[in-house]
Amino acid sequence: MKYILFFFGLISLSACLNRYNNMPAKNNTSARQTLAKSFAENFYAKCAKKDYSEITGFNMDVNMKNYFSPEKIKTVCENSDKKYGKIEIGSLYAAKTNVYPTDFSDLFVFNIKTEKNDSIKYLRMGMTRDKDYFQVFYISTKPYNKWYKRKKK
């Protein structure tokens with residue numbers, strides 16, 4: 001019985017692990033911050049001009065390339081404009097690194113201002129550490145999920 005309680009105790013503790021650590025200074029360079037911010041600014045500038053062509057000049061992983069395909073860019077831009085209006089990207093809020101998997105990806109969180117929705121305040125930009133491939137791009141009300149929560153099936 002002790003072992004069963006111990007086992008369930010470990011499972012409940014593992015569900016509350018901190019998902020992000022502060023990014024080491026050697027990985028949090030101004031060049032990487034600028035790259036992340038310029039990707040977002042480039043995307044929203046294309047939306048403002050109604051230019052729905054493929055995003056070039058940036059490395060993206062396969063999922064990001066599929067998300068930002070020319071067919072989907074139009075939908076994403078139109079939905080973003082309808083929900084949020086004009087989006088202004090501000091300063092860097094935080095630079096974090098994922099705990100799981102270790103040493104793989106980094107998260108840059110920028111402050112943003114939206115025209116139509118004041119609750120949206122952050123833009124999250126995820127990049128792989130080794131080759132600076134973009135893998136996460138979304139805006140939210142929270143800077144990052146502080147606690148890792150497992151998805152229920």
Side-chain angles (χ1 to χ4, degrees), residues 14-153:
S14 69
C16 295
L17 293 175
N18 195 350
R19 184 173 183 178
Y20 298 104
N21 289 332
N22 289 329
M23 190 183 306
K26 66 179 183 175
N27 299 323
N28 188 10
T29 63
S30 61
R32 292 185 81 213
Q33 292 174 14
T34 304
L35 181 65
K37 189 172 182 177
S38 65
F39 178 86
E41 289 172 340
N42 183 23
F43 172 72
Y44 288 118
K46 286 173 79 73
C47 286
K49 295 176 190 172
K50 300 192 184 314
D51 174 12
Y52 306 124
S53 62
E54 186 177 350
I55 296 174
T56 57
F58 298 96
N59 295 326
M60 293 183 276
D61 74 354
V62 174
N63 294 328
M64 282 284 283
K65 280 187 181 181
N66 290 338
Y67 184 75
F68 286 116
S69 67
E71 301 85 30
K72 290 186 181 180
I73 286 180
K74 181 177 181 182
T75 307
V76 171
C77 286
E78 288 172 350
N79 288 341
S80 176
D81 189 47
K82 186 178 5 173
K83 287 181 185 177
Y84 311 117
K86 186 175 189 233
I87 296 174
E88 293 179 25
I89 301 164
S91 62
L92 182 73
Y93 176 81
K96 298 287 184 175
T97 188
N98 275 339
V99 174
Y100 302 106
T102 336
D103 225 22
F104 177 73
S105 64
D106 295 325
L107 184 72
F108 293 96
V109 182
F110 293 95
N111 293 310
I112 62 170
K113 290 182 184 177
T114 62
E115 185 178 38
K116 297 180 181 177
N117 190 338
D118 291 335
S119 66
I120 302 295
K121 296 182 179 186
Y122 305 101
L123 169 71
R124 302 180 199 180
M125 298 290 304
M127 296 170 65
T128 59
R129 184 169 295 170
D130 57 348
K131 296 184 180 178
D132 290 341
Y133 275 71
F134 289 102
Q135 61 186 18
V136 174
F137 179 84
Y138 60 98
I139 58 179
S140 80
T141 57
K142 297 180 181 178
Y144 47 88
N145 296 333
K146 187 173 182 177
W147 303 105
Y148 180 75
K149 295 180 183 174
R150 297 176 195 262
K151 293 182 180 178
K152 295 181 181 178
K153 293 182 181 178

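Residues take their numbers from the sequence shown, with the count starting at 1.
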Could you check if a side-chain atom of Phe39 sits within less than 4.5 angstrom of a side-chain atom of Phe137, using non-hydrogen atoms only? yes
Results of ring pair (Phe, Tyr, Trp, His ring centres under 6.0 Å) for Phe110 - residues two or more places apart only: none
Heavy-atom side-chain contact between Lys96 and Arg124 under 4.5 Å: no
Those residues at least two apart in sequence (or on a different chain) that pass ring pair (Phe, Tyr, Trp, His ring centres under 6.0 Å) with Tyr133 are none
Would you call Thr141 and Tyr122 a side-chain contact if the rule is heavy atoms closer than 4.5 Å? no
Are Ser105 and Arg129 linked by a side-chain donor-acceptor pair shorter than 3.5 Å? no
Could you check if a side-chain atom of Thr114 sits within less than 4.5 angstrom of a side-chain atom of Lys86, using non-hydrogen atoms only? no
Any Ile120 side-chain heavy atom under 4.5 Å of Ile112 side chain: yes
Would Leu107 and Thr97 count as a side chain to side chain contact (heavy atoms under 4.5 Å, CB included) here? Give the steps. CA-CA 6 Å; Leu107 184 72; Thr97 188; over 6 Å; no
Below 4.5 Å, heavy atoms only, C-beta onward: do Arg32 and Met127 meet side chain to side chain? yes
Side-chain contact, heavy-atom cut-off 4.5 Å: Phe134 with Thr128? no
Enumerate the residue pairs fulfilling salt bridge (Lys or Arg N to Asp or Glu O under 4.0 Å) with a member in residues 108-122, sequence neighbours excluded, ordered by first and then second residue. none
Would one find more than 12 heavy atoms of other residues, nucleotides or ligands at under 6.0 Å from atom OH of Tyr52? yes
Looking at Ala95 and Leu92, what are the two nearest heavy atoms and their distance? CB-CD2, 4.5 Å
Heavy atoms only: give me the nearest Gln33-Asn28 pair and the separation to one decimal. NE2-OD1, 2.6 Å
Set of salt bridge (Lys or Arg N to Asp or Glu O under 4.0 Å) partners for Lys46, sequence neighbours left out: Asp51
When the side chains of residues 70-85 are checked against the rest of the protein, which donor-acceptor pairs come out under 3.5 Å, sequence neighbours left out?
| residue | atom | partner | partner atom | Å |
| --- | --- | --- | --- | --- |
| Glu71 | OE1 | Ser69 | OG | 3.2 |
| Asn79 | ND2 | Thr75 | O | 3.4 |

Restricting to non-hydrogen atoms, name the atom on Ile139 and the atom on Leu123 that form the minimum distance, rounded to 0.1 Å. CG2-CD1, 3.6 Å
Donor-acceptor pairs under 3.5 angstrom involving side-chain atoms of residues 57-65: please list them, not counting sequence neighbours.
| residue | atom | partner | partner atom | Å |
| --- | --- | --- | --- | --- |
| Asp61 | OD1 | Asn63 | N | 3.4 |
| Asp61 | OD1 | Met64 | N | 2.9 |

